[in-house]
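Could you have a look at this structure, given as structure tokens, before my questions?
FYI, side chains are in, hydrogens and waters are out, and symmetry mates aren't considered; it's all heavy atoms of this structure. Residue indices begin at 1 and follow the sequence shown.
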Amino acid sequence: MTIAIVGAGLGGLALARVLHVNGIESVVYEREASREARGQGGMLDIHSGQPALREAGLIDGFFAIARGEGQDMKLLESDGTLLLQEDTPDDAPLARPEVDRADLRDLLLDSLPDDTVRWGHAYESAENGVVRFADGTSAAYGLLVGADGANSRVRALLTDARPSHLGQNIVEVGIPDIDRTHPGLAAMVGRGNYWVFGDGVSLGAQRNGDGRVRIGLSFYNTGEDWLATSGIPFDDPAAAKARLIELLPGWDARFIALIEACDDVVVPRSLTTLPLGLTWAPAPDVTLLGDAAHLMPPVGEGANMALLDGARLGLALAAHPDDFPAAVKEYEREMFERTGDAARMSARVQEMLMSPNAARRMLAFFQPD
């Protein structure tokens, strides 16, 4: 009756940890060769996901690595007009702290027995209680959990739904060690989130725990082929930055300086989502969590929902250790309702971001009074 988890992301690891805390062991199969195989992305705003870390017995460890100052926020228009500035007192509660995704993943990994995660196991297929991997090996399971992200292959066992393009493309750049290399820009960005909105374009800058500022330029109402037709030469970082600046006509010189100061890491990202309110008929031995189940616009809910998915499924399995189908039904019923609400809220925020007056609408969102 092995519980096999495909994917060592936050949701899959949270599930493995909550199961472990409750005396139930599982196996996590991850296609990457090791935990250091690739970068894990930037900062996460962990708020509604904190109860999952409490269930995992890791909340103190989380607060030790979280950045309370990451709750700061600045909101500006592309001509330099400051619309909103929120500075968090040093003694403020950690309601929405930022944490490096890599640090949070390491916290979860370090909390598991050494043999829980099987690296280098790329999921190939599953049938009749046997999961097969790309290297030709296989393993038996009593429950298979697809925690394998936006492009989940396990998802096909439950639904024909596939992600579709969101109408948003992102180009990510960054400034390493910004406090030392560009102290003026560091002071401008501040300690937390820095958002600038123009006509169909936004710039989001976010300070990471390692001193790097990650900058994402979002281009809204663009098609899935936009990155290929934008004229951005991604194989030539200097020319790519020059082209990005061309795509920001009329923007204040301070924001242009941010792009000019970036290093040679230029990463294109095409965003997709699953259908809003996706559900499926329950299966006795397969379920999904995280982006595999409910990929939504990236407005701060995805990681939180994945953590909660893992914890809630773990608790359901602990309550029904000899009845996986009952545990899956209980989990999916709660998950569909909870993540459906989160997806609808995310879609509303995404609609604001894609509107012509995005800056003013976001200001009203953050300051409804």
key: Same apolar cluster: Ile65 and Leu10, side chain cutoff 4.5 Å   = yes
request  = Indicate, with yes or no, if Leu112 and Val6 share a hydrophobic cluster defined by side-chain heavy-atom contacts under 4.5 Å among Ile, Leu, Val, Met, Phe, Trp and Tyr.
outcome  = yes
message = Counting only heavy atoms from other residues, nucleotides and ligands, does the tally under 6.0 Å from CD of Glu124 exceed 12?
response = yes
Short N-O contact, Arg35 and Asp110, less than 4.0 angstrom =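 The answer is yes: the pair qualifies as a salt bridge.
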Any side-chain donor near an acceptor of the partner, Glu30 and His121, under 3.5 Å = no
inquiry  = Assigning hydrophobic clusters by single linkage (Ile, Leu, Val, Met, Phe, Trp, Tyr; side-chain heavy-atom cutoff under 4.5 Å), is Met305 placed with Leu158?
reply    = no
ask   = Among the clusters formed by ILVMFWY side chains lying less than 4.5 Å apart, do Ile5 and Leu53 turn up in the same one?
value =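 In one cluster: yes.
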request  = For residues Tyr29 and Tyr141, determine if any side-chain heavy atom of one lies less than 4.5 Å from a side-chain heavy atom of the other.
outcome  =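 Tyr29 vs Tyr141: side chains apart.
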task = For a side-chain contact (heavy atoms from CB on, under 4.5 Å) with Phe255, tell me which candidate from Leu248, Val196, Ile245 qualifies.
result = Val196
inquiry  = Can you tell whether the side chains of Asp210 and Arg212 come within less than 4.0 Å, N to carboxylate O?
reply    = no
ask   = Are Arg67 and Asp100 close enough for a salt bridge, meaning some N to O gap below 4.0 Å?
value = no
query = Side-chain contact, heavy-atom cut-off 4.5 Å: Trp280 with Glu332?
reply =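 Touching, per the 4.5 Å side-chain cut-off.
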inquiry  = How long is the straight-line distance from CG of Leu83 back to CH2 of Trp195, given to the nearest 0.5 Å?
reply    = 12.5 Å
ask   = Are Arg153 and Asp148 close enough for a salt bridge, meaning some N to O gap below 4.0 Å?
value =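 No, Arg153 and Asp148 are not salt-bridged.
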Crowding at CG, Asp135 (>12 non-hydrogen neighbours, <6.0 Å) =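 Correct, the count exceeds 12.
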message = Check Glu246 with Arg243, please: is the shortest side-chain N to carboxylate O separation under 4.0 Å?
response = yes
task = Answer yes or no: are there more than 12 heavy-atom neighbours, outside Asp87 itself, under 6.0 Å from its atom CG?
result =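 Yes, because the 6.0 Å sphere around CG of Asp87 holds more than 12 heavy atoms from other groups.
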task = Would you mind checking if Glu77 and Arg360 are paired as a salt bridge, meaning a charged N to carboxylate O distance below 4.0 Å?
result =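 Result for this pair is yes, salt bridge flagged.
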query = Do Ser218 and Gln168 have a side chain donor and acceptor closer than 3.5 Å?
reply = yes
ask   = Centres of the Trp226 and Tyr220 rings: under 6.0 Å?
value =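 For Trp226 and Tyr220, the ring centres are not under 6.0 Å apart.
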task = Kindly check if the number of other-residue, nucleotide or ligand heavy atoms within 6.0 Å of CG (Asp179) is above 12?
result = yes
request  = Determine, for Arg312 against Glu337, whether the closest basic-nitrogen to carboxylate-oxygen distance falls under 4.0 angstrom.
outcome  =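 Between Glu337 and Arg312 there is no salt bridge, as every charged N stays at least 4.0 Å from the carboxylate O atoms.
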ask   = Where do Leu203 and Leu217 land on the side chain to side chain contact (heavy atoms under 4.5 Å, CB included) test, with the steps shown first?
value = CA-CA 5 Å; Leu203 179 155; Leu217 284 164; 3.8 Å; yes
